[in-house]
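We count ligands from 1, going down the list as the structure has it; atoms in each ligand are counted the same way.
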Amino acid sequence: MYGLAANGLNPNAVKKIFDLKGRPATNPVILHVSTIEQTSKYAFFDEKAKKLAAQFWPGPLTLLLTKRDIVPDITTAGLSTVGIRSPDNKVFQDMLACLEFPLAAPSANPSNRTSPTSPHQVSEMFGHSCPPILDDGPTELGIESTILNLTSKQPSILRLGHITSAEIETCLDLPVSTLIDSNNLNSKLPHSPGMSKVHYAPRTHAILHKSVQACMEYKGFTSNDLIIFNSLQEMERLHNLPCMATALSKEGDLKIIAKSLFGKLHDADKAKFNQLHLCLNDLNDDLALAINDRMRRACAENT
Ligand code: AMP
Ligand code: MG
């Protein structure tokens with residue numbers, strides 16, 4: 001994601017992020033660091049965290065750790081834990097290496113809008129209030145980091161992403177639980193602040209279908225709707241589509257679907273369709289679950 005960055009140790013700087021995003025003060029922001037060593041200045045970095053950071057940093061894994069006093073309350077929304085990661089992007093890393101403080105950097109979108117995967121989307125969403133953008137082209141992965149809570153009895157995944165529970169279990173040699181029931185956003189399972197149902201919503205009314213077949217059986221299409229298929233292959237197998245259609249990937253490669261999902265939602269919003277239609281993946285892979293999770297949130301208002 002593109003992020004809105006500010007000195008994560010400076011409450012006034014962090015407040016500017018909250019103000020610009022319209023982010024509720026109850027939703028903590030993640031700190032970004034360049035080296036593993038830096039982390040122990042901001043959080044209690046135990047053996048588990050060390051192992052995970054050694055294997056997955058720089059990369060899309062956010063660790064929730066017990067914070068040190070130097071981290072201000074506004075950054076962690078008053079919680080005793082702080083989310084930290086080291087990002088795998090050269091431009092961001094070069095910038096972090098020049099600084100003597102961590103950067104708080106939530107996704108660069110107004111709260112509850114779709115996260116941006118290109119600089120263009122950022123400037124469109126913020127308009128005249130857009131801060132300067134460090135442009136490094138489209139993002140590589142397309143969805144937000146996996147968030148792993150290391151302060152609970154058993155390590156638990158609070159947000160699904162590219163780093164899977166199986167990879168984390170192998171690294172730690174411990175079972176890891178997933179606290180998001182990605183198949184049921186109404187579940188009462190505990191979740192972290194900010195992981196509310198509606199979180200990545202396009203402005204266009206978006207409808208989620210259980211499968212491509214369920215989508216084809218839907219009766220409420222208008223001619224100005226857009227179906228966003230997971231693959232071109234499945235789209236081309238169908239005849240007499242009821243409306244316009246596009247696809248997130250050619251052959252259903254999950255990495256490509258993850259990379260293109262938010263961009264497609266941004267594009268669809270601009271094109272002013274009546275309704276968007278998304279179809280869940282039927283794979284049980286962590287990345288498929290992460291994609292389904294984002295699709296559910298994009299459509300959550302309407303389910
Ligand atoms: P974003 O920066 O937009 O990727 O969102 C960061 C998300 O990380 C928040 O919405 C929370 O869900 C989660 N998070 C960050 N810090 C904490 C924390 N200390 N405890 C629980 N969840 C956190
Ligand atoms: Mg965000």
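The distance from the CD1 atom of Ile256 to the CG atom of Leu261 is 13.5 Å, given to the nearest 0.5 Å.
The ring of Phe273 has its center no closer than 6.0 angstrom to the ring center of His205.
In the displayed structure, Asp19 atom CG is contacted under 6.0 Å by more than 12 heavy atoms of other residues, nucleotides or ligands. For CD of Gln213, the number of neighbouring non-hydrogen atoms (other residues, nucleotides, ligands) closer than 6.0 Å is 12 at most.
Set against the non-hydrogen atoms of Asn27, the atoms of ligand 1 under 4.0 Å away are 9 (C), 10 (O), 11 (C). Proximity to Leu79 (heavy-atom distance under 4.0 Å) selects the following atoms of ligand 1: 18 (C), 19 (N), 20 (N). Atoms of ligand 1 lying under 4.0 Å from at least one heavy atom of Thr81, given by number and element, are 18 (C), 19 (N), 20 (N). For ligand 1, the atoms lying closer than 4.0 Å to a non-hydrogen atom of Arg23 are 2 (O), 3 (O), 5 (O), 6 (C), 9 (C), 10 (O). Heavy-atom contacts of Arg159 reach the following atoms of ligand 1: 1 (P), 4 (O), 5 (O) (cutoff under 4.0 Å).
For ligand 1, the polar-atom distance check against Glu144 finds no nitrogen or oxygen pair separated by under 3.5 Å. Close N/O approach between Lys21 and ligand 1 is not found [any backbone or side-chain N/O within under 3.5 Å].
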Please tabulate, for side-chain N and O atoms in residues 232-247, each donor-acceptor pair with protein atoms closer than 3.5 Å (sequence neighbours left out).
unit_1: Glu234; atom_1: OE2; unit_2: Asn230; atom_2: N; d: 3.0
unit_1: Glu234; atom_1: OE2; unit_2: Ser231; atom_2: N; d: 3.4
unit_1: Thr246; atom_1: OG1; unit_2: Lys264; atom_2: NZ; d: 2.9

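Remark: distances from the non-hydrogen atoms of Lys67 to ligand 1 are all 4.0 Å or more. Distances shorter than 4.0 angstrom do not occur between any heavy atom of Arg85 and any atom of ligand 1.
Among Ala108, Gly161, Pro24, Ser107, the residue whose heavy atom lies closest to atom 3 (O) of ligand 1 is Ser107. In this comparison of Leu64, Val71, Ile147, Thr76, the heavy atom closest to atom 7 (C) of ligand 1 sits on Ile147.
Using modelled atom types, one side-chain atom of Thr146 and one backbone atom of Gly161 make a donor-acceptor pair closer than 3.5 Å.
Listed by chain and residue number, Asp94 satisfy the side chain to side chain donor-acceptor pair (under 3.5 Å) test with Lys90 (two or more places apart in sequence, or in another chain).
Using cut-offs of 30° and 60° for the angle between ring planes, the Tyr218 and His209 rings count as perpendicular.
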